[in-house]
Amino acid sequence: MNKKKKIQQTDKSVKITNPTKTIRKSSTTIKVKPQPKPKSRAKPGSSFQEKDEILVPTTSVSSVFLERFPILSSDFYQIEALDLAPRLLGKYLKKDDVVLQITEVEAYRPNDSACHGRFGITARTAPVFGPGGHAYVYLCYGLHMMLNVVADKEGVGAAVLIRSCAPVSGLETIQQRRGLKSEKPVLLTGPGKVGQALGLSTEWSNHPLFTPGGLEVLDGPEPEKIVVGPRVGIEYASPEHVNALWRFAIAGSPWISAPKNTLRPP
DNA sequence: GAAAAGATTAAA
DNA sequence: TTAATCTTTTCC
């Protein structure tokens with residue numbers, strides 16, 4: 001059917017109600033939350049009290065990464081999502097004392113019937129249309145925080161979903177946030193798990209990833225081989241976009257979400 | 001103003 | 001296979 005005509009990117013007639021933009025800043029010191037209940041997530045808006053936190057000096061682990069893998073600049077992201085997605089593989093996500101290596105991603109693009117930007121600019125999706133290099137975090141199924149990296153230039157509605165990561169440091173914090181004492185792929189294979197491990201809420205949406213503090217993306221080793229496949233969980237989209245091979249993963253990595261049997265060499 | 005659906009996960 | 005859980009978007 002003809003469902004493809006309204007997907008055009010909207011003009012300025014759309015009103016943009018400003019999303020809640022309380023960008024939380026965290027210092028370079030490592031924060032350890034003593035409160036032990038990873039089950040009930042803290043309600044957005046009530047950031048955990050500063051006084052309840054135990055501040056620990058930055059460890060050598062972070063210094064090593066900052067030295068060898070510097071934070072990526074804004075320029076890195078100003079390309080189309082299909083190019084940015086595979087380039088994000090192997091890069092590092094850093095927040096608090098947690099460092100994750102990106103192992104699986106999906107590209108979402110303009111004129112893409114699976115992209116959140118398909119309805120134009122809204123309060124939720126405004127960051128997607130902003131300049132590349134910012135986070136787009138949204139609540140999925142009322143439960144899961146999904147982290148995207150906004151791609152391309154301002155005005156273009158494109159982003160890359162982070163589907164899976166491998167743990168690099170901060171394993172205890174990851175396990176505590178996940179409520180799971182495992183080192184196996186079940187810990188971080190899935191977009192909801194990544195968001196939970198990083199301690200994200202929708203307040204982190206639109207957070208710049210190219211400036212020090214809070215959530216950052218650091219440079220990392222380029223993977224030797226990459227596999228591609230159709231994106232996951234978008235059955236509502238048009239066949240053309242359901243079948244598009246816009247899912248990318250590091251070949252051979254165990255840190256990849258299901259289904260794995262749809263991934264092939266490009 | 002009401003209702004359906006969702007870029008998922010964990011447990012039965 | 002299904003419940004959990006709630007915001008966003010659409011429909012009347």
Side-chain angles (χ1 to χ4, degrees), chain A residues 1 3 5-7 10 14-20 38-45 81-82 84-85 88 102-129 135-151 157-165 174-175 177-182 184-198 200-206 228-249 255-260 262-263:
Chain A
M1 278 72 81
K3 51 163 29 164
K5 38 196 39 183
K6 61 187 344 64
I7 301 174
T10 59
V14 183
K15 57 173 179 289
I16 307 172
T17 50
N18 216 4
T20 58
K39 273 313 173 79
S40 61
R41 58 182 178 80
K43 50 166 70 80
L82 211 48
L84 179 63
L88 281 173
I102 300 173
T103 53
E104 179 190 351
V105 297
E106 285 175 356
Y108 289 85
R109 316 172 65 205
N111 303 315
D112 174 2
S113 60
C115 182
H116 278 193
R118 65 188 181 278
F119 296 126
I121 301 175
T122 65
R124 179 180 63 155
T125 64
V128 177
F129 292 86
Y136 166 54
V137 182
Y138 72 93
L139 179 63
C140 185
Y141 288 94
L143 294 164
H144 310 290
M145 293 298 165
M146 314 285 274
L147 171 62
N148 294 252
V149 174
V150 176
V160 177
L161 171 70
I162 309 298
R163 281 199 64 86
S164 293
C165 290
I174 297 170
Q175 290 173 332
R177 286 172 174 165
R178 290 276 296 114
L180 195 66
K181 278 204 195 313
S182 172
K184 297 178 181 175
V186 67
L187 193 64
L188 284 173
T189 53
K193 299 176 185 178
V194 172
Q196 188 179 27
L198 289 170
L200 296 179
S201 69
T202 54
E203 295 183 5
W204 286 90
S205 203
N206 208 34
V228 304
R231 295 172 294 178
V232 181
I234 56 163
E235 306 310 316
Y236 57 88
S238 65
E240 168 192 7
H241 298 135
V242 169
N243 297 324
L245 304 180
W246 293 347
R247 179 189 184 199
F248 304 85
W255 301 92
I256 296 177
S257 70
K260 295 184 182 180
T262 59
L263 293 166

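Naming: A, B, ... by sequence-line order, numbering from 1 per chain.
Distance, A/Arg178 CZ to B/dA11 C1': 14 Å, rounded to whole Å. Atom CE of A/Met146 is separated from atom P of B/dA5 by 19 Å (rounded to the nearest Å). One atom, NE2 of A/His241, and another, P of B/dG6, lie 17 Å apart when rounded to the nearest Å. The CZ atom of A/Arg163 sits 11 Å away from the C1' atom of B/dT9 (whole-angstrom rounding). A straight line from CD of A/Glu104 to C1' of B/dT8 spans 13 Å, rounded to a whole angstrom. We find that CZ of A/Arg124 is positioned 12 Å from P of C/dT7, with the value rounded to whole Å. Taking atom CZ of residue A/Arg177 and atom C1' of nucleotide B/dT9, one finds them 19 Å apart after rounding to whole Å. Separating the CG atom of A/Leu143 from the P atom of B/dA5 is a distance of 18 Å, rounded to the nearest angstrom.
Residue A/Arg118 has no polar side-chain atom (N or O) positioned under 4.0 Å from OP1 or OP2 of C/dT9. Contact check, A/His116 against B/dA7: a side-chain N or O comes under 4.0 Å of OP1 or OP2. For A/Thr122 and C/dT9, the shortest distance from a side-chain N or O to OP1 or OP2 is below 4.0 Å. Residue A/Arg247 places none of its side-chain N or O atoms closer than 4.0 Å to OP1 or OP2 of B/dA7. Contact annotation: A/Tyr141 side-chain N/O to C/dA3 OP1/OP2 distance is not under 4.0 Å.
In this structure, the side chain of A/Glu106 engages the main chain of A/Val232 through a donor-acceptor pair within 3.5 Å. Although no hydrogens or angles enter the test, the distance criterion places a donor-acceptor pair under 3.5 Å between the side chain of A/Ser164 and the main chain of A/Ser257. A/Thr189 contributes a side-chain N or O that, together with a main-chain N or O of A/Pro185, makes up a donor-acceptor pair within less than 3.5 Å.
Taking only distance into account, the side chain of A/His144 never meets the base of B/dA7 through a donor-acceptor pair shorter than 3.5 Å.
By the 4.5 Å heavy-atom criterion applied to side chains, A/Arg247 and A/Leu263 are counted as neighbours. In this structure, the side chains of A/Ile162 and A/Met146 stay at 4.5 Å or more apart for every pair of heavy atoms. With contacts defined as side-chain heavy-atom distances shorter than 4.5 Å, the pair A/Val194/A/Arg163 does not qualify.
Between A/Tyr108 and B/dA7, a base-stacking contact is recorded: ring centres under 5.5 Å apart, planes less than 30° from parallel.
The nucleotide whose nearest atom lies closest to any side-chain atom of A/Leu139 is, among B/dA10, B/dT8, C/dT7, C/dT7. Comparing C/dT9, B/dT8, B/dA10 by their closest approach to the side chain of A/Thr125 singles out C/dT9. Closest to the side chain of A/Pro191, out of B/dT8, B/dA10, C/dT9, is B/dT8. Considering only the side chain of A/Tyr138, B/dA7 comes nearest among B/dG6, B/dA7, C/dT9. Comparing C/dT5, C/dT10, B/dA7 against the side chain of A/Phe119 picks out C/dT10 as the nearest.
Where A/Lys193 and A/Ala114 each meet DNA chain B at their nearest nucleotide, the meeting point lying more 5' is that of A/Ala114. Nucleotides of DNA chain B nearest to A/Leu180 and A/Val232 differ in position, and the one nearer the 5' end is that of A/Val232.
The partner of C/dA4 is B/dT8, judged by Watson-Crick or G-U wobble contacts that both fall below 3.5 Å.
Residue contacts for A/Leu161: at a heavy-atom cut-off of 4.0 Å it reaches a base atom on one of the strands shown.
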